[in-house]
Amino acid sequence: MIHNKLAISVILSLGISFGVGITAHAQDKVEDVSVFYKNEVGKKLVLQKAGQVDAQLNEIDAVVGEFAKEDLQRLERSKDIQVVHIGKKKLRTSSMFLANPLSTYQSNWNLDMVKADEAWNQKLDGQGVKVGIIDSAVAPSNYLINVKKKDFISDRTQIDHSLNGATHGTFVAGIIAGQPSKTGELVGVAPGADLYSLNIDGKDGADLTDFMEAIDYAIAMKLDVLNISMGISPADLLDPGERLTDSPVYIAIKKALDRDILIVAATGNYGYAVDYPAAINGVIAVGSVDSNKDISTFSNKGKEVSIVAPGTSIKSLGTSNNYEKKQGTSFATPHIAGLLALYKQQYPKESNAQIKSRLLNNTIDLGAKGFDSTFGNGLAVYPKFKTTVDEPVIVPDKKPITKPKKETVAEKYVRVNKKKIKTSVATMNKKKKVNFLTEYAPMYSVYSSLAAAQKKVVLAYRNQIGMTVVSSPTSSSRVKVTNLTAIHTKKTSKITFTTPLKKSTVKRAAVTMYKDGTKFNSFDMSVTANGKYMTIRPTKAMSKGKYHFFLDTAKMRTTKNKTVKPFDIKYTVK
């Protein structure tokens, strides 16, 4: 049977719809055809019959393109072809309206509810786990690090380059792996996870062909977890007489499940039957609860519901390095994706079935006792570290209990910026340059708190760039500095260069001070006309600790127009 859907509505994110139609270049040509083949013979046959190939999806065994009507009939009769599906589908996104301003909402209640801190206390953050987001684009953000991005919008005129086009995907990404802000406010459940943004949302919605291509890419990249804040109602998915197993949505999802990807999807937002792909067996279907653990009024219900997570009035990332508030099962779903990343990191050798079992068994039962069609298995929570039957923990008798060592500011910086430091160290280890003031300087200021292997690379890079380090009581033939331990009381420090600098090349932006990874730019700087002396004057009280005064000399020159190697001058405030 050739499957032809004349109308389809889909819910992407908080509420999505897409329409379908059949077009033809000529009477015997049909566009927007998806052909799924069973084997290489079938693949070869499809490629031979295709008048035009729009997409060749090798991981899900499909070809999308234009075919003659008579060739479609031949393909449908072939034992080597699984399904021939006709129809162009569009997915459209919308966000649910919040009546109250952001200031009225409690921040991070959702993270407390799923007990993400239980994992963080065990030094788990999802590091090394690859999480894909099939959604709109993800905007550049200071709170999202190294997001791998790829567009799957086949009609290039439909790409939305505005920030509005990245609103939904950015919000979802923030819930999964947002980084701590300067105030220490943690946004993401698994801030160490590697994010893959798979953008399918164009100006006029998302084409199902692009969705299929994104699934194909997720399989090829061997992603561990796939977040799909998207759905289509059962009534809209299938035409009368059409089998679920013949739907491209079903086939693509099953291919990904068979290739060992954990998939979480939103149940939908109309309070009725669970949407697809959430309702597909094997997918973790996520419903939504509010801060009182009551089911959200919009959350769809049914026997397919696997689990629930916070989805009402959630705070996450906006597209301008800001925070916004949204709600929907779309935003309950990434909480589960983040928890799965934490489980995958903690139990790297376990199968997906075992990981999924851990997720579904570590819940708070809500509603009717046991499993029910509203809350599924209950509210997802990360468990406390405890002794289990399969993982015995042997505790020595009479071992004294000691309080954990209090984390220093430098140690906290290293923990919070672990992913950024790891990336910079990897770059330096390849003998490549990193930005001196924004990457190397803050990392060097917390050198003592780095891992041994990282210290080795950081020190080698220091030698590579020829940086001179001066601190009390060490000195250098290149530079002489006063008040290294008394700058906070003397209110000044004089730096004397053995080789004078060309004053016009010494810019304020090329010098900065760091303490435990944090900038301290409250100082004035002046250089004498002959470039022999530089004076530093703090304009703000300096707290106790070690300060590193860095000179990025990349654009500096001596009075003889020679290049200059960088400096690090250490001031100690006792």
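In this text the structure is predicted, and so the values were computed from the model without any measurement.
A donor-acceptor pair is defined here as one N or O able to donate and one able to accept, closer than 3.5 Å; no such pair exists between the side chain of D125 and the backbone of P191. N435 contributes a side-chain N or O that, together with a main-chain N or O of T438, makes up a donor-acceptor pair within less than 3.5 Å. Formation of a donor-acceptor pair under 3.5 Å by the T363 side chain with backbone atoms of N377 is found in this model. The backbone N or O of T408 lies less than 3.5 Å from no partner atom in the side chain of Y413, so there is not a single donor-acceptor pair.
Surrounding NZ of K293 are at most 12 heavy atoms belonging to other residues, nucleotides or ligands under 6.0 Å away. The environment of NZ in K455 is crowded: more than 12 heavy-atom neighbours from other residues, nucleotides or ligands sit within 6.0 Å.
The salt bridge (charged side-chain N to carboxylate O under 4.0 Å, His left out) search around D194 returns K419, not counting sequence neighbours. Looking at residues two or more places apart in sequence or on another chain, you find no salt bridge (charged side-chain N to carboxylate O under 4.0 Å, His left out) involving K115. A search for salt bridge (charged side-chain N to carboxylate O under 4.0 Å, His left out) contacts involving K301 returns nothing, not counting sequence neighbours.
Side-chain atoms of F331 and T312, non-hydrogen and from C-beta on, never get closer than 4.5 Å to each other. Counting only heavy atoms from C-beta outward, the side chains of P334 and S229 approach each other to under 4.5 Å. In this structure, the side chains of I280 and I263 stay at 4.5 Å or more apart for every pair of heavy atoms.
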As a quick check of understanding, evaluate side-chain contact (heavy atoms from CB on, under 4.5 Å) for D275 and T329, giving each step before the final call. CA-CA 11 Å; D275 290 338; T329 57; over 6 Å; no
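Taking the six-membered ring for Trp, Y276 and Y250 have ring centres at least 6.0 Å apart.
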